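Predicted model, so just to flag it, every value in this text is computed and none were measured. First the proteins, then the strands, lettered A, B, ... as listed; each starts at 1.
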2 protein chains.
Amino acid sequence: MEKLLDALKALSDETRLRILNLLYEKELCVCDIMETLQITQAKASRHLIYLKNADLVKDRKHAQWVYYSLAIDERIKFIDSLVYDNLRNLELYQNDLQNLKDWLKRKTMNCD
Amino acid sequence: MEKLLDALKALSDETRLRILNLLYEKELCVCDIMETLQITQAKASRHLIYLKNADLVKDRKHAQWVYYSLAIDERIKFIDSLVYDNLRNLELYQNDLQNLKDWLKRKTMNCD
DNA sequence: CTCTTATATTCGCTTATGCGATTATAAGAG
DNA sequence: CTCTTATAATCGCATAAGCGAATATAAGAG
């Protein structure tokens, strides 16, 4: 199956790794990712679709939002090791998690 | 450290995965890899150098041969999982291992 | 030295990738 | 309906990647 190669290609780009790192925390919509990583909407959308085509994430539409979440089954559990043992030792990805936390907090407050 | 990204880029090409799969068996010279995978010398050499630059393999020169072997430390042990749990379930990579075995046998016999 | 073998490097080409900017689509909100 | 917000798709461009063919280098062999 060449799906493995697709998955590896999906993992060979920093932006997609950063997105995947966020999705390991929780399901997120496109705008959460744009805000957290400070990237353009087109860029976020493009890379999410790339990850989806590689079967690493799945999406779910609700009203005008599209929510993305992990779709990593045990066939490719090496990705768990990659994220927990490697990615998250790096400052960039740690900072992204903190930024996500901050963003989600601000977002909730604005709804009050 | 961006070395992780280099490693992932190195893993996103089928030829390099096939080479890595072989090196998980044993140290090999460039010509073993050409013969086993039936690829050109330039292609084998190029991809081995790519893997070396990503710190996934190391080389050792002996007489006119250059021997390549794994250089995967525990920082990137997710690659072990990738190879043993994913790659080696795929027919292509299983066949490559058989071809390697056959080639090494033939090679030894020619030296008698 | 000269020839052969093993490996690396360069060249020119083709295709793939990533990007910003823009446009299209789709669902609410009012 | 019309306007706004969220997301996807398209376009044109620049750069990277992979390839075969040819050439360069380096070490033995004779």
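Residue-to-nucleotide contacts include no donor-acceptor pair under 3.5 Å from the side chain of B/Arg16 to the base of D/dG18. Between the base of C/dA6 and the side chain of B/Gln41 there is no donor-acceptor pair shorter than 3.5 Å.
Taking atom CG on B/Leu5 and atom C1' on C/dG18, their separation rounds to 13 Å, with Å as the unit. Atom CG in B/Leu17 sits roughly 11 Å away from atom P in D/dG18 (whole-Å rounding). In this entry the distance linking CD of A/Glu14 with P of D/dT15 reads 19 Å, nearest Å.
Note on A/Ser45: a base of the nucleic acid sits closer than 4.0 angstrom, heavy atoms only. In this structure, A/Leu48 reaches neither bases nor backbone, as no heavy-atom distance under 4.0 Å exists between it and the strands shown. Residue B/Ala42 is in base contact, counting any heavy-atom pair closer than 4.0 Å across all strands shown. Residue contacts for A/Tyr67: at a heavy-atom cut-off of 4.0 Å it reaches no nucleic acid atom on any strand shown. Nucleic acid contact class of B/Tyr68 (heavy atoms, under 4.0 Å, all strands): sugar-phosphate only.
If A/His62 and B/Asp32 are placed on DNA chain C by their nearest nucleotide, the residue sitting closer to the 5' end is B/Asp32. Annotation: of the two residues near DNA chain D, A/Arg46 and B/Ala63, the 5′-most nearest-nucleotide partner is A/Arg46.
B/Tyr67 carries B/Arg60 over the face of its six-membered ring, with the cationic atom under 6.0 Å from the centre and within 45° of the normal.
A distance of 10.0 Å separates CG in B/Asp32 from CD in B/Glu27, rounded to the nearest 0.5 Å.
Nucleotide C/dC13: paired with D/dG18 (Watson-Crick or G-U wobble, both distances less than 3.5 Å). Pairing for D/dA29 goes to C/dT2, judged as Watson-Crick or G-U wobble with the two contacts each under 3.5 Å.
Scanning both residues, B/Ile33 and B/Ala44, for their nearest heavy atoms gives CG2-CB, 4.3 Å. The shortest heavy-atom contact between A/Leu20 and A/Val57 is CD1-CG1, 4.1 Å.
By the rule that hydrophobic residues join a cluster once side-chain heavy atoms approach within less than 4.5 Å of another member, A/Leu100 and A/Val66 end up as members of one cluster.
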